[in-house]
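Both backbone and side-chain heavy atoms feed into the values below; hydrogens, waters and symmetry mates do not. Letters A, B, ... mirror the listed sequences (proteins, then strands); counts begin at 1.
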2 protein chains.
Amino acid sequence: MTGNRRTNDPQAVRRRIVDAAYDAFVAQGYLATGMMELREKASVSGGAMAHHFPAKRELGLAVIRDRVADAVRQTWIEPLQACADAPTAIDLIFENIISDLSRKGSVSGCPLNNMAMEVSPHDEEMREALSGVFTGWHDALSAKFQADVDLKRAIGIDPGSLATLVVAAYSGAMAIAKASQEVRPLRDCRQELAALLASKYALAG
Amino acid sequence: MTGNRRTNDPQAVRRRIVDAAYDAFVAQGYLATGMMELREKASVSGGAMAHHFPAKRELGLAVIRDRVADAVRQTWIEPLQACADAPTAIDLIFENIISDLSRKGSVSGCPLNNMAMEVSPHDEEMREALSGVFTGWHDALSAKFQADVDLKRAIGIDPGSLATLVVAAYSGAMAIAKASQEVRPLRDCRQELAALLASKYALAG
DNA sequence: ATTAAAACAGGACAATCGACCTGTTTGGAG
DNA sequence: CTCCAAACAGGTCGATTGTCCTGTTTTAAT
C-alpha cells in the first residue's frame, strides 16, 4: 500500500556516513561522537550503519584513509606541488588556513592532529594509518625541499628535518590556536617560518 | 567489633586521585578514562571520590591546574630560567625529553597537548585553563628571548612570534612522535631549532 | 562531653554506549 | 523468471558511563 519504493545506493549511503563522521570527529572528537548521533546526522538506519560499518573502529579507519588523508592532500600536498618552490607554497598554505579560520570564527583544529592525539593510544591500526598520513605529508614536503636544492634554489638545507619542523610547527600552531581560539599562533608561525626559509633561500640564486 | 580504625587524610586522598587521574589522562585520554577505573587505581571509595570531585570535569580542572601546569613548569619554565640563554635552554630541554623517551620506549605525548586536543571543544572552563598554561609557557619563553635581546646576545628577533614557533614545534613534534611512536621528529626539530637560533645569536656577541 | 560539619563507605540510579539480531526489500547474476 | 547475496529497516541487548543517595565514622570546635 505504501507506494514508496526504496532505491539502494550503497556508495551514497556510505559516503553520507563517512562525511558525517568526519565532520563530527573533527568538531567534537572520536570518542565523544556516538554511533546513534551519526545515524541521525547521516539519516541512516541502524541496519544500514551496521552493514557498512560493523564496528566503530572501522568507521574511524575509513574516515582516516578516505577523508583525513584527502584533507592533507588538498591543503598541503597539492599546493606544494603547484607552487614554484617550497617557501612560497608554505606561505600560501598558511595564508589560506588563516583566512579560512578568520572567516569561520572558531578553530576546530587540524583534523589529522585531532584524531591522532585521541585515537593513537587505543588502536594500533588507526595509529599506523594516521602515522602514514603524517609520513606522506612529511615526504611531500621533504621532496619539495630536495627539488629546490637540486635546482640550486637553496643551499645548506636538510630536507628531511626541515620538513619535520614545518609539519610540527603547523600542527603545534593549530593545537595552540584550538586551545586559545585565536589565529595569532598561526600568524606567528607563518612569519617565523617565512623568515627562516627566506634566509636559507637567499644565499642561493 | 572490627577494631580497624579509620584515619582521615583528605589531602592525601585528593592527591592520590589527582595523581592517578593525571597518569591515566596522559596515557589514555580524558574521555577514555572512567571514574570507576580511577577509584581502583587510587584505592578510593565512591563516596570519597564524590566528596572530593562531585563531577568529572572538576577532576579534569584540578589535573590541569595542579599537574599539567606543573609539568610544563618543571620541564620548560624552570630550565629556561636556570640556563644562560634561550638557545642552550631549549637544546637542553629537547635533549632531556629525547633521552627520557628513548629510555621509556613508548611515546605518550605532551600532557598539555593531549588534554587540550580532547577537552577544548567540550568544556569552556577547561579550555581556558589549558590556554592559560600555553600562555604561561609562551610568555616565559618570550621573556627569555627578550632578555637575551636586552643583553645584546641576539639581534633581529621578534620574541613573541619566535616563542610561538618553539612551543608549536615542540607540541607538534610530540604529536608526530606519539602517532609514529618514534623519537625522530623530536631530534629533527631539535636540530632545526638549534640551527635557527644559532644563526640569530651568531650575529651578536 | 556535645555537636556539627567534614570525610568516607558502599551501593543504586538512569542514561547512553557500541554491538547485534531478525526480518524485509532491492538488484544483479544465472 | 529464479534465486541469492547485498542492502537496508527497526528494534533489542548487556555493559559501562557518570552521578547521586543514604548511612557511618572521623575530626575539630565549643
Protein-nucleotide distance (Gln28(B), atom CD; dT17(D), atom C1'), rounded to Å: 14 Å

Side-chain (Ser142(B)) to main-chain (His138(B)) donor-acceptor, under 3.5 angstrom: no

Pairs under 3.5 angstrom, nitrogen or oxygen only, protein versus nucleotides 15-18 of chain C, please.
residue, atom, partner, partner atom, Å
dG18(C), OP1, Thr33(A), O, 3.3
dG18(C), OP1, Lys56(A), NZ, 2.6
dG18(C), OP2, Met35(A), N, 2.7

Short side-chain to backbone donor-acceptor contact, Asn113(A) and Met174(A), under 3.5 Å: no

Exceeds 12 heavy-atom contacts within 6.0 angstrom, atom CZ of Arg16(B): yes

Contact state string [nucleotides 3-9 of chain D, B base, S sugar-phosphate only, - no protein heavy atom under 4.0 Å]: ---SBSB

Residue pair Ala116(B) / Ser120(B): nearest heavy atoms and the distance that separates them: O-OG, 2.6 Å

Aromatic ring pairing Phe94(A)/Tyr170(A), orientation class (parallel under 30°, perpendicular over 60°, tilted between): perpendicular

Residue that, paired with Arg14(A), satisfies side-chain hydrogen bond (donor to acceptor under 3.5 Å, both in side chains) out of Asp19(A), Asp66(A), Asp9(A): Asp66(A)

Non-hydrogen atoms of Leu31(B) and Glu118(B) that approach each other most closely: N-OE2, 3.0 Å

Could you go through residues 102-109 of chain A and list every donor-acceptor pair under 3.5 Å that involves a side-chain atom there, pairing it with any protein atom two or more places apart or in another chain?
residue, atom, partner, partner atom, Å
Ser102(A), OG, Ile98(A), O, 2.7
Arg103(A), NH1, Asp100(A), OD1, 3.2

